[in-house]
There are 2 protein chains.
Amino acid sequence: MDAIDEEIIRCVLRNARSTYAEIGEAAGLSAPAAKRRLDRLVATGAIRGFTALIDTQALGWRTEAFVEVYCKGNPSPAELQRDLEGIQEVVEACTVSGAADAMLHMLARDIPHLEQAIQRVREAPVIDRTESVIVLSRLLNRPRL
Amino acid sequence: MDAIDEEIIRCVLRNARSTYAEIGEAAGLSAPAAKRRLDRLVATGAIRGFTALIDTQALGWRTEAFVEVYCKGNPSPAELQRDLEGIQEVVEACTVSGAADAMLHMLARDIPHLEQAIQRVREAPVIDRTESVIVLSRLLNRPRL
DNA sequence: CGTGAAACAAAAGCTCT
DNA sequence: AGAGCTTTTGTTTCACG
């Protein structure tokens with residue numbers, strides 16, 4: 001993991017569909033060398049995959065919320081993960097410091113759909129109660145790094 | 001925006017580096033037809049771009065936080081956006097309902113780096129104070145949809 | 001939207017350092 | 001181990017039906 005790898009990562013972050021020639025040019029390498037580096041970054045797990053940035057508005061998913069989760073007892077992170085991964089509307093979940101046990105980022109079509117999804121979250125055995133904050137407008141959404 | 005477009009989106013969400021032949025197979029189309037559809041989805045903005053999923057741990061960015069922002073007066077979303085987009089550590093920002101004015105998702109190398117980045121956030125003229133929650137462990141991180 | 005041909009990029013080999 | 005070069009294979013991109 002050196003400066004060349006970081007250039008390659010910056011390049012595919014900007015455009016995951018870059019050709020190897022383009023990636024190589026960005027990193028100062030030939031196309032085959034760029035492919036070998038990229039393959040290695042995927043193999044070692046530094047790059048977890050390649051995905052598209054979808055305008056969820058265009059797809060009709062217009063309602064977002066951040067949800068603080070308070071648990072019953074002391075569930076392990078793994079238990080929480082198991083209960084949440086079945087709920088498609090939860091796009092991000094982390095255990096956190098502070099009063100709450102976890103923070104969820106949820107995405108739904110509209111308020112009724114969000115309400116119904118939060119309801120499903122609250123039905124999980126380990127979850128006691130939730131506190132939701134509705135997103136009004138999105139200011140920034142950057143690819144990580 | 002029909003069922004075929006949705007299949008194409010599902011395919012590039014799973015792997016943004018799919019060939020047009022693969023995308024076409026997933027959507028029941030020939031490769032040139034798949035390319036025309038994908039180009040149209042990018043042109044209309046339904047697909048905002050293609051990016052890589054980076055294991056930020058592997059890159060040494062191991063510290064994440066959610067930061068509630070309280071503003072002075074009533075800044076417009078555009079003003080907030082202007083003040084935040086210069087801070088690379090802010091990966092997501094939204095205005096929200098509830099007591100806070102905005103919610104930030106921040107990513108830093110370590111706690112000192114995070115503290116320094118939050119300090120830069122607090123120096124923005126429109127920002128009064130912040131309340132941070134540190135991420136302990138990441139349970140889920142799904143591509144949207 | 002599909003087909004076929006030309007231009008182009010990717011994959012796999014080998015060589016060199 | 002890692003980079004460059006070259007050939008073969010496969011993909012992209014047209015024009016056309």
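In the text below, chain A, chain B and the rest are named by the order of the sequence lines, each starting its count at 1.
With rounding to the nearest 0.5 angstrom, the CG atom of A/D101 is 12.5 Å from the NZ atom of A/K72. With rounding to the nearest 0.5 angstrom, the CD1 atom of A/I54 is 4.5 Å from the CD1 atom of B/I47. Here the CG atom belonging to B/L136 is positioned 9.0 Å from the SG atom belonging to A/C94, to the nearest 0.5 angstrom. In this structure, CD in B/E89 is found 5.0 Å from CH2 in B/W61, a value given to the nearest 0.5 Å.
Using a 4.5 Å heavy-atom threshold, the side chains of A/Q116 and A/R120 count as touching.
With respect to the salt-bridge test (charged N to carboxylate O, under 4.0 angstrom), the residues B/E7 and B/R10 qualify. Electrostatic pairing of B/R138 and B/D55 does not count as a salt bridge here, judged by no charged N lying under 4.0 Å from a carboxylate O. The residues B/E85 and A/R142 are annotated as not salt-bridged, no charged nitrogen and carboxylate oxygen being separated by less than 4.0 angstrom.
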Protein-nucleic acid N or O pairs under 3.5 Å, nucleotides 15-17 of chain C:
none

Interface polar pairs with nucleotides 6-8 of chain C, N/O, under 3.5 angstrom:
none

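Qualifying salt bridge (charged side-chain N to carboxylate O under 4.0 Å, His left out) partners for A/R40, counting only residues two or more places apart in sequence or in other chains: A/D5.
In plain terms, the two heavy atoms of A/V133 and B/S97 that are nearest each other are CG1-O, 3.3 Å.
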- Where along nucleotides 2-17 of chain D does protein come under 4.0 Å, by heavy atom, of base (B) or sugar-phosphate alone (S), with - for untouched nucleotides? SBBB------SBB---
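Counting Ile, Leu, Val, Met, Phe, Trp and Tyr side chains that sit under 4.5 Å apart, directly or through other members, A/I127 shares a hydrophobic cluster with A/V67, A/V69, A/L80, A/L84, A/I87, A/V90, A/L104, A/M106, A/I111, A/L114, A/I118, A/V121, A/V126, A/I134, B/L139, B/L140.
With a cut-off of 3.5 Å on both pairing distances, the Watson-Crick and G-U wobble pairs of DNA chain C assemble into stems of 3 or more at C:2-17 with D:1-16.
A donor-acceptor contact shorter than 3.5 Å links the side chain of B/T51 to the backbone of A/L13.
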